[in-house]
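Proteins get letters first, then strands, A, B, ... in listed order; numbering begins at 1 in each.
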Number of protein chains: 2
Amino acid sequence: MPPLTKDVIKFGTFTVTSQVFHLSPLSFALVNLKPLLPGHVLVSPRRVVPRFNDLTQSEVQDLFLTVQRVSRTVERVFKATSLNIAIQDGADAGQSVPHVHAHIIPRRKDDLPETDAIYGMMENEEGDLGKQFVQRDKEVRESKEQEVDGDIPDGEQARGRFPAVDADESRKPRSKDEMKKEAEWLAREMVEDTKGES
Amino acid sequence: MPPLTKDVIKFGTFTVTSQVFHLSPLSFALVNLKPLLPGHVLVSPRRVVPRFNDLTQSEVQDLFLTVQRVSRTVERVFKATSLNIAIQDGADAGQSVPHVHAHIIPRRKDDLPETDAIYGMMENEEGDLGKQFVQRDKEVRESKEQEVDGDIPDGEQARGRFPAVDADESRKPRSKDEMKKEAEWLAREMVEDTKGES
């Protein structure tokens, strides 16, 4: 499958091009380094802005049409029956990477001991998102890989807002190759779902 | 201020007309019986459908332009700095009233002991939404008020998915008059914010 784009896609200051599985004119969808549940993905506007209110009307419309299309595909391919869709809009709501992003988390009956457990997990994840990317960039720089050109985030972004719970810490970050493979698979599935549309 | 509409606005099977403070062609915003924090409101499509994927493209676009406009106003008037925006899309994600709705919750620094506490609260709220409306309808019927004409919801809707925490149980449902006053105030503030728009 050819790459979705020759553009460099940024999530905050981080380069995430190989994690992207869907592009619309103004938005993109990416797979996660540490999904909370299978199929946990993010959708962001292509323009790097921190707050939902920073988006133009066209960006809002494009973002949520993308959320809807992505939701449909991840619910189908991960055999889910429900979805959590959530935006932490600003630092005081738990946002760590200052770039608008909607979490989409496929859900099934009894997939967690309590349905609401996902939120504590999401908060830890969100708090960790900055940290995770810092760690990955560090590893990538150390291994002298040139592909990732993300700026080094400042301390503000890198600081997690919440102590990670054990379950969170025990989840290993996925390899770049694993994420790329999932992104390619989801990209094909997105195309499949689009075929039916007029 | 004249009523926003002569239509009867339904949230699931419940009539919420007097709680509505903003109407767009395809969406409406309503104040909450038991807000988790000041300014916690809901935005729904006018068409009663359970899942996000049930919405047409026009409904998705209108819904989130409405969420953006409402967010702007509640963040301003409740002097917030951030917002939680969340949809429980389906029963297995914690949805209790089977009518698409986005929670908008204004946030400030240190408004809760932990930023993520809002999610546990929201889940209890969501689980309780059905129950709350059932209780209110019951009270209304008992007091022979004729204004509310909501159908009696079935057991499925009425059953809360989560045990309510103490904090939740201790929050008293607001009176119809209190909600109506807040809805009228927010309606005026929404108009104020719209004046600046071209």
Colleague: Pairing donors with acceptors under 3.5 angstrom, does anything connect the side chains of A/S82 and B/D89?
Modeller: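 Looking only at side-chain atoms, B/D89 and A/S82 do not form any donor-acceptor pair under 3.5 Å.
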
Colleague: Tell me, with the steps shown, if B/Q95 and A/R107 meet side-chain contact (heavy atoms from CB on, under 4.5 Å).
Modeller: CA-CA 12 Å; B/Q95 184 190 44; A/R107 300 298 305 275; over 6 Å; no

Colleague: How close do B/R72 and A/N53 get, heavy atom to heavy atom, and via which atoms?
Modeller: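 Closest approach of B/R72 to A/N53: NE-OD1, 2.6 Å.
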
Colleague: Compare every heavy atom of B/T81 with every heavy atom of A/D92, then report the nearest pair and how far apart it is.
Modeller: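 Scanning both residues, the minimum pair turns out to be OD2-OG1, 2.5 Å.
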
Colleague: Would you say A/V41 and A/V77 are hydrophobically clustered, going by side-chain heavy atoms of ILVMFWY under 4.5 Å?
Modeller: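 Yes, A/V41 and A/V77 fall within the same hydrophobic cluster.
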
Colleague: Counting heavy-atom pairs under 4.5 Å to chain A, which of B/L63, B/D62, B/L55, B/D110 comes out on top?
Modeller: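 Option with the greatest count: B/L55.
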
Colleague: The test is side-chain contact (heavy atoms from CB on, under 4.5 Å); show your working for A/L83 and B/R51 and say whether it passes.
Modeller: CA-CA 9 Å; A/L83 298 158; B/R51 297 296 310 274; 3.8 Å; yes

Colleague: Look up atom CD in A/Q68 and atom CD in B/Q57, then write down how far apart they are to the nearest 0.5 Å.
Modeller: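 Nearest 0.5 Å value for the CD-CD distance: 7.0 Å.
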
Colleague: To the nearest 0.5 Å, tell me how far A/E59 CD sits from B/F64 CZ.
Modeller: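 Reported value, rounded in 0.5 Å steps: 15.5 Å.
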
Colleague: Could you tell me which non-hydrogen atom of A/V67 sits nearest to which non-hydrogen atom of B/F52, and how far apart they are?
Modeller: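 Closest approach of A/V67 to B/F52: CG1-CE2, 3.8 Å.
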
Colleague: List the atom of A/N84, the atom of B/Q88, and the distance in Å for their closest heavy-atom pair.
Modeller: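 A/N84 and B/Q88 have their closest heavy atoms at ND2-OE1, 3.4 Å.
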
Colleague: Should A/M190 and A/M179 be regarded as members of a common hydrophobic cluster, given that ILVMFWY residues are connected when their side-chain heavy atoms come within less than 4.5 Å of each other, either directly or indirectly?
Modeller: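 Result: yes, single cluster for both.
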
Colleague: State yes or no: do A/L42 and A/F14 share one hydrophobic cluster built from I, L, V, M, F, W and Y residues joined by side-chain heavy-atom distances below 4.5 Å, directly or via other members?
Modeller: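 Same hydrophobic cluster.
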
Colleague: Going hydrophobic residue to hydrophobic residue with side-chain gaps under 4.5 angstrom, can you get from A/V43 over to A/V49?
Modeller: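 Yes, because A/V43 and A/V49 connect within a single hydrophobic cluster, where side-chain heavy atoms sit under 4.5 Å apart.
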
Colleague: Could you see if A/V74 belongs to whatever hydrophobic cluster contains A/L33? Use Ile, Leu, Val, Met, Phe, Trp, Tyr and a side-chain cutoff under 4.5 Å.
Modeller: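 In one cluster with A/V74: A/L33, yes.
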
